[in-house]
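Below is one structure; the comments refer to it alone.
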Amino acid sequence: MFWLLAQQTLNGLVMGLVYALLALGLTISFGIGRVINFAHGELYMLGAFFTYLAAGRMGYLGGIAAALVLMAGAGLLLDRLVLRPLRGGRASLWAPFLATLAVSLIVQNAALAVFGPDPYLLSSPYAYQPLMLAGLMLTKQDLLIALVAGLTTFLLTAFIKRGKYGLAMRAVARDRQTAALMGINIDRVYILTFVLSAMLAGLAGALVAPKATVDPFIGRMALLKGLSVVILGGLGNIPGAIFGGLVLGVAEALGAGFVSAAYKDAVGYALMILVLLFRPEGLLGQRMRRA
Amino acid sequence: MLEIKTLTVNYGRVRALDRLSLTVEQGEIVALVGANGAGKSTLLKTVSGLVRPAAGEVVFAGRRVEGLPPHEILKQGIAHVPEGRRVFPDLTVRENLLLGAFSRRDKEVTADIERIYTYFPVLGERQAQLAGTLSGGEQQMLAIGRGLMSRPKLMMLDEPLLGLAPVMVDRVAEIVRQLQRLGISVLLAEQNTNVALAVAQRGYVVETGRVTAAGNASDLAADPAVREAYLGAPPA
Ligand SMILES: Nc1ncnc2c1ncn2[C@@H]1O[C@H](COP(=O)(O)OP(=O)(O)OP(=O)(O)O)[C@@H](O)[C@H]1O
Ligand SMILES: [Mg+2]
C-alpha cells in the first residue's frame, strides 16, 4: 500500500513536470502575449514529429536538439504571421483566439496529410531501461524527463526572475504602454515569448513521445492537460503552472493506481472542477479583489 | 531642441490636437497648462511615440522623430514620465529603476541607481519593496527616477503633482528645478497652473488641442485671461 503510494507519486511527479512544461508555455503566451493559444497542442505534436524525423539521423537526443531549433522557427512564424497582424488597432479580442483555433486545425490536417493517421513509434535508448531508486522503479526515460523538464523549468523561472529580457517580459505582461516608454522593443518581447512557448511545448512532446505513440492528434489531449493545469494553478501565474502541473500529474497517477487506469483523466477533470468551484482563482492565484 | 510643428492627432473622429506648434529650448523648463481634455497627454504621447500623428512634425535635436516606435524615441534622449505615474506595482523599486535603464548597454547602470538613491533616499530604503506599496508621492519620485535612468536630454512629465499632498507638491516642484540643474530640459504638463508657471521659464496654454496663449511663465501668470480661466480658483 505504501509502496504503491510512493511509486505512483513518483510516476505522477515525472508526468507532472511534463504538464508543467506545457502549462508554462500556455502561461507565458497568455500572461505576456494575451493569447489563449489553442494551437499549443499542435506545437507539442510538432515537437514529437520533428524529433521523430531528426532522430533517424541524429539519434534521440540529437533529434530533440534539432526539433527545438525547428520549434523556435514555428514560434516565430506563429507570432509574425498569425498573431502580430491582429495586435492592437481594430482587431477584435476574439480574433487571436479564433486564429489559433484555425492554426490548430490547419496544422493537424497538414500533419494528417503528411504522416497519415497511424501512430508512429519514437524510440529512445532510455525507454524500457529500468532503474531502481530506494525500492521504487522508474525507467531511464523517466529520469531523463524529470531532469530535462525540471532543469528547463528552473532555468525559465530564473530567466524570467533575473534576466534582462525576463524583466521586460514581466513589464510587458503588466502594462505594455509603459513598458514601451522604458525603451523595451515590445515586438521583440512578443517574439521571444512565442518562441519560448513553442520550444517548451515541443520539448514536452519530444520527452513524452517514447513513452507513448505519435500521431497527428496527440495535441488535443496535450492542450487539454495544459489548460487544466493553467486553471488549477491560476491563469497567467508561473509558480501556479509548475505547482498545478505537479498536482495534476500526481492526482492522475494516484487515481490510476488506486482506482483504475481508466479513470486517470477523469481524476484530473474532477480536480479541475473542484478548483473551479472552490478556488476559481487557482491554487496559487491571487484572490480577485472586489471593487 | 524639441520643435513641434503643426501637429494634428485624431482618435477616430475626435481631433485631440489641431495644428499645434511649440518648442522647448536646451536647458529650459516649459509648462504646458490647460483643462481636462485639452490635449496635454496626447501631445506627450505623440512625442514619445505612443500615438501616431495624422499630420505635422516632431523634430528633436535636428532629427524628425514622429512615427518612430517609442523605444527608438527614448534612445534619442526623450523620457516620458506618464500620467498616473504608472510604476510597475508588482515589481520592486529597484526593478522599476532597472527597467528605466533598459535601453542602456553601459556598465554604469548600478552607479546611476545609487545616484538616484542619493536624490531620493526613500527609494534607497525601499529598494526591495514592491512599488505598489509606495505612497503616491514616493511613486512619483520613483517614476521620475526611473525616467532619469535612461539619461535623457529632455524629460516630459505628465501631471506629476496630481493627487499629492501640499508638502509633496513642493518636493516634486523642487525636483523639477533640480532636473534643470542637471542639464535636462523639461516639458511639464500640469493642471496645477500656479505651481507649473512658478517653476517654468515659459509656458503654453492649450485648449481643445490648440495653443491659445504662450510666453514667459511670469507674464502668463499675470495675464488676466489666464488668471481668470486657470488661476481663479485656488489650487486644489
Ligand atoms: N485613447 C483615446 N481614444 C479616444 N479619445 C481620446 C483618447 N485619449 C484621449 N482622447 C480624447 O482626446 C482629448 C484630449 O485628451 P488628453 O488626454 O490628451 O487631455 P489632457 O489635456 O491630458 O487631459 P487631462 O488633464 O484630463 O489629463 C480628449 O477629448 C479625450 O477625450
Ligand atoms: Mg492628461
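Everything numeric in this text was worked out from a predicted model, so none of it was measured. Throughout, protein chains are lettered first and strands after them, A, B, ... in sequence-line order, and every chain is numbered starting at 1. Quick note: numbers below take in every heavy atom, side chains included, and nothing from hydrogens, waters or symmetry partners.
- Heavy-atom distances place the side chain of B:Leu91, and not its backbone, under 4.5 Å from chain A.
- Around CZ of A:Phe154, the count of heavy atoms belonging to other residues, nucleotides or ligands within 6.0 Å does not exceed 12.
- Residue B:Arg105 holds its CZ atom at 6.0 Å from NZ of A:Lys164, rounded to the nearest 0.5 Å.
- The heavy-atom pair separating A:Arg174 from B:Asp90 by the smallest distance is NH1-OD2, 3.1 Å.
- Atom CZ of B:Arg177 has more than 12 neighbouring heavy atoms from other residues, nucleotides or ligands inside a 6.0 Å radius.
- In this structure, A:Arg162 places its CZ atom where only 12 or fewer heavy-atom neighbours from other residues, nucleotides or ligands lie under 6.0 Å away.
- Surrounding CZ of A:Arg188 are at most 12 heavy atoms belonging to other residues, nucleotides or ligands under 6.0 Å away.
- Nearest heavy-atom pair across B:Phe88 and A:Ala171 is CE2-O, 3.4 Å.
- When all heavy atoms are compared, the tightest approach of A:Asp175 to B:Arg86 is OD2-NE, 2.9 Å.
- In this structure the side chain of A:Ile184 never reaches within 4.5 angstrom of the side chain of B:His71, judged on heavy atoms.
- Considering all non-hydrogen atoms of both residues, A:Ala180 and B:Pro70 come closest at O-CB, 3.7 Å.
- Comparing B:Ile78, B:Val87, B:Leu74 by heavy-atom pairs within less than 4.5 Å of chain A, the highest count is held by B:Leu74.
- Atom CE in A:Met182 sits 7.0 Å away from atom CG in B:Leu99 (nearest 0.5 Å).
- Contact annotation for B:Arg146: only side-chain heavy atoms (C-beta onward) come within less than 4.5 Å of a heavy atom of chain A.
- Shortest non-hydrogen contact noted between B:Glu95 and A:Lys161 is OE2-O, 4.1 Å.
- Atom CD1 in B:Ile73 sits 10.0 Å away from atom CG in A:Leu181 (nearest 0.5 Å).
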